[in-house]
Each structure stands twice: as C-alpha cells, then as structure tokens.
Amino acid sequence: MPSWVALSIIGLTCWGTGNFVRKQAIAHISPWAVVVFQSVTVMVLAIGAIAIRGELNVTTEALLLAIAGGSFQFLANISMAFALTRGPASLVVPVSSMYPVMTLVLAFFILGETISATQALGLLLSVAALYAFSR
Amino acid sequence: MVANETARRGAIPAWLPFAMLTLVGWGFWGLVQKPMTDRIDVWSVALLQFSTTLAWGLGMALVRRQSLDPRQKGLKYAAGAGLGSYFGSLAFLLAVDRGTASVVVPLTAMYPLVTILLGVMVLKERLTASHKAGVVLALAAIFFLSR
C-alpha cells in the first residue's frame, strides 16, 4: 500500500473518531468548555511542532488572515458542539462536512473562481441531502 | 428516537440550524486557507489560527462565567477530540505531500463514515430511511465537491 493511502486512512480515521469523541465530551461538559479544552490540546501540539521546527513565520497579512480563519474556526467548533447536543453524531457530522459548498459558492462570488461540472453535481447532491435530513 | 424528536419539533430538526452554522463557519474558514498558506508555512498557520480560536473560546467562557475546572469528567473526551483534530490534519498534510491532492482530498473527505459507524455501533443511534438516504447523498456530495 502506498504511504499516502495509509496516511489518508489514518487522517480520516482521526477526524471521524475526533468528532465521535466530541459527542462524548458534550454529554459531560458544556459546549463552551469542550471548545476551550479541545483548543488547548491542539495548541499544546501546535506549539510543540513549532518548537521542534524552531521557526515561526508571521507577516501582518498572514496574521490578519489567521485571525479571520481562527474566528470562523471558533464559530464552526462552537456551532458543531451545540449541534451535537441536539442531534446524533451520525447526522450532524455528514451535514456539517458539506462545508465545501460554502467555500465553492464564496470562491465563485468573491474570488471569481469557476465551478466544475463535478462540483456542480456535488452542490445538487448536497441540497438533496439537506432535504432528506430535514424530513 | 431521532425521528420522534424531529416530528415533535416540527419540520426542521433542532440540530440542523447549528449544523448549518457549522457549515457556514467552515466555508468561510476554507476561503482564507489558501491565501494564508501562500504567505506562511502550515505549521505557523496552525499555531496562529488555533491561538485565535482559543482566545475566542477563553473570552466567551469568561463572559459566560463558564467553569473550566480541568477535573471535569468530559475533559478527556474534549482532549481526545483535539488529538483527533490535530493528528488528522497532520496525516492529511503528509498524505498530500506524498500523493496527489485530487485523490487524497476526496478520500479523506469520507471521514464522516467513521463517525456514522461509531455513532450507530457504539452510541446505538438510529436513523430513519430518509436520514439514511441523506447520509448517502451527503457522502456523495462531499466526494464530488472535493474533486
């Protein structure tokens, strides 16, 4: 098996399990606390990685973008935590994973990027999925 | 159980608006990733972004007077979610580095399958026929959107 396939499987298993574990966390503590403790864990690992590499690159533009990205990341994390308090992980996670729809539409209108036929099919399927979930 | 809750609350399940808000948050997040990684390395991006997320989390907890006692029972699960998030991203970046993004991205986008399997098998979550159709459609959508 090529190494990238093994790594991809490890990646999707970590993400999928991480979301499942988050549902367990919500059963015990508030969504607000979950997001803080989850972020602290990631921060410890991220700081460790920077310490090992021995370099941190920061530019004003990148910092402003990171603040925007981190803010949207917080919005996504806290919304996900609240969604998990109200619904099953097996439904909440597939719906929230369709976020490329938003990125595609925003990239189309803001960045002027084009949408391929395959991506358009994905958009249609996501609308059908949302309809099925709301029934 | 899920179907009954949906019927009780009306046509829109209570979790759906929050899941949609998550989708909006990740959508905007996705938009700024490319310009950011064009300017600095991914390790620095991760640190700076998570610093912001943590700052928001701590700020909101402070405003809400939320208890952040590390002895809380759910702490290990929240930390586990953080580990999954970080190592998932790390494996993804290494996979993209060794393979092609056009294959790695759709493959890793299938991660909801793992959550669905664990939810159904471990938490005994039950899905209606419509929900099952939705899961299949969502996975197909994720696959095509990632191409």
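Note on naming: letters A, B, ... go to the chains in the order of the sequence lines (proteins, then strands), and numbering restarts at 1 for each one.
- Options A:Val35, A:Asn77, A:Ile67, A:Thr85 differ in how many heavy-atom pairs under 4.5 Å they form with chain B, and the most are formed by A:Ile67.
- A:Ile50 touches chain B through its side chain: at least one heavy atom from C-beta onward sits under 4.5 Å away, while N, CA, C and O do not.
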**Request:** For the pair A:Leu45 and B:Phe87, evaluate side chain to side chain contact (heavy atoms under 4.5 Å, CB included) and give the outcome as yes or no after the intermediate values.
**Result:** CA-CA 9 Å; A:Leu45 295 166; B:Phe87 285 111; 4.1 Å; yes

**Asked** Which is it for B:Lys73 and A:Ile29 under the side chain to side chain contact (heavy atoms under 4.5 Å, CB included) test, yes or no, and what are the steps along the way?
**Response** CA-CA 7 Å; B:Lys73 203 178 171 187; A:Ile29 50 177; 5.9 Å; no

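- Two residues are said to be in side-chain contact when any heavy atoms from C-beta on lie closer than 4.5 Å; A:Met102 and B:Phe28 meet this criterion.
- At a 4.5 Å heavy-atom cutoff, the contact between A:Ser79 and chain B is made by backbone and side-chain atoms alike.
- When the candidates A:Gly87, A:Ala128, A:Ala46 are compared by the number of heavy-atom contacts under 4.5 Å with chain B, A:Ala46 comes out ahead.
- Chosen from B:Val122, B:Leu58, B:Leu21, B:Val32, the residue pairing most often with chain A at heavy-atom distances under 4.5 Å is B:Leu21.
- Between A:Val21 and B:Ala81, the closest heavy-atom pair is CG1-N, 3.9 Å.
- Note on A:Val44 and A:Phe74: separate hydrophobic clusters, where clusters join Ile, Leu, Val, Met, Phe, Trp and Tyr whose side-chain heavy atoms are under 4.5 Å apart, directly or indirectly.
- Per-residue counts of heavy-atom pairs under 4.5 Å with chain A were compared for B:Leu94, B:Val24, B:Thr52, B:Leu139; the largest is that of B:Thr52.
- A donor-acceptor pair under 3.5 Å links the side-chain atoms of B:Thr115 to the main chain of A:Gly16, judged by distance alone.
- Between the side chains of B:Tyr111 and A:Ser97, at least one donor N or O sits under 3.5 Å from an acceptor N or O.
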**Request:** Decide yes or no on side chain to side chain contact (heavy atoms under 4.5 Å, CB included) for A:Phe20 and B:Leu123, but give the supporting numbers first.
**Result:** CA-CA 9 Å; A:Phe20 168 76; B:Leu123 300 180; 3.6 Å; yes

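- Residue contact with chain B, scored on non-hydrogen atoms closer than 4.5 Å, involves the side chain of A:Ile110 exclusively.
- Taking chain B as the reference chain and counting heavy-atom pairs below 4.5 Å, the highest number among A:Ala120, A:Gly18, A:Ala27 is found for A:Gly18.
- Chosen from B:Asp69, B:Val45, B:Leu47, B:Leu48, the residue pairing most often with chain A at heavy-atom distances under 4.5 Å is B:Leu47.
- When the candidates B:Ala79, B:Pro70, B:Pro17, B:Ser67 are compared by the number of heavy-atom contacts under 4.5 Å with chain A, B:Ala79 comes out ahead.
- A donor-acceptor contact shorter than 3.5 Å links the side chain of B:Glu125 to the backbone of A:Ser90.
- Annotation: side chain of A:Thr41 is not in contact with side chain of B:Tyr86 (no heavy-atom distance under 4.5 Å).
- For the residue pair A:Ala25 and B:Ala78, the shortest heavy atom distance occurs at CB-N, 3.6 Å.
- Contact record, A:Ala76 with B:Thr22: O-CG2, 3.3 Å, taken as the closest heavy-atom pair.
- In terms of hydrophobic clustering, with Ile, Leu, Val, Met, Phe, Trp and Tyr side chains grouped at heavy-atom distances under 4.5 Å, A:Leu124 and A:Val101 are assigned to different clusters.
- Contact of A:Leu104 with chain B is made through the side chain alone, with heavy-atom distances under 4.5 Å.
- Neither the backbone nor the side chain of A:Val105 comes within less than 4.5 Å of any heavy atom in chain B.
- B:Thr53 places a side-chain N or O within donor-acceptor distance of the main-chain N or O of A:Gly70, the cut-off being under 3.5 Å.
- Within the 4.5 angstrom heavy-atom criterion, atoms from both the backbone and the side chain of B:Leu83 approach chain A.
- Scanning both residues, B:Ile116 and A:Pro94, for their nearest heavy atoms gives CD1-CG, 3.7 Å.
- In terms of non-hydrogen atom pairs under 4.5 Å with chain B, the most contact-rich of A:Val36, A:Leu64, A:Ile47 is A:Val36.
- With respect to chain B, the highest number of heavy-atom pairs below 4.5 Å among A:Ser96, A:Ala129, A:Ala107 belongs to A:Ala129.
- Taking hydrophobic clusters as Ile, Leu, Val, Met, Phe, Trp and Tyr residues chained together by side-chain heavy-atom distances below 4.5 Å, A:Leu125 does not share a cluster with B:Val136.
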**Message:** If you apply the rule side chain to side chain donor-acceptor pair (under 3.5 Å), what do you find for B:Ser85 with A:Gln38, and how did you get there?
**Reply:** CA-CA 9 Å; B:Ser85 173; A:Gln38 182 190 324; 4.8 Å; no

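- Contacts with chain A were tallied for B:Ala46, B:Ala109, B:Ala129, B:Ser51; B:Ser51 has the most, counting heavy-atom pairs under 4.5 Å.
- Of all the heavy atoms in A:Glu55 and B:Ser44, the pair that sits closest is O-OG, 4.3 Å.
- With hydrogens and angles disregarded, a donor-acceptor distance shorter than 3.5 Å links the side chain of B:Ser130 to the backbone of A:Ala132.
- Using a 4.5 Å cut-off between heavy atoms, A:Arg53 touches chain B through its side chain atoms alone.
- The heavy-atom pair separating B:Ala141 from A:Met98 by the smallest distance is CB-SD, 4.2 Å.
- When B:Ser89, B:Ala55, B:Ala133, B:Pro35 are compared by the number of non-hydrogen pairs under 4.5 Å with chain A, B:Ser89 comes out ahead.
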**Chi angles and distances behind the side chain to side chain contact (heavy atoms under 4.5 Å, CB included) call for B:Phe50, A:Val40** = CA-CA 9 Å; B:Phe50 276 107; A:Val40 167; over 6 Å; no

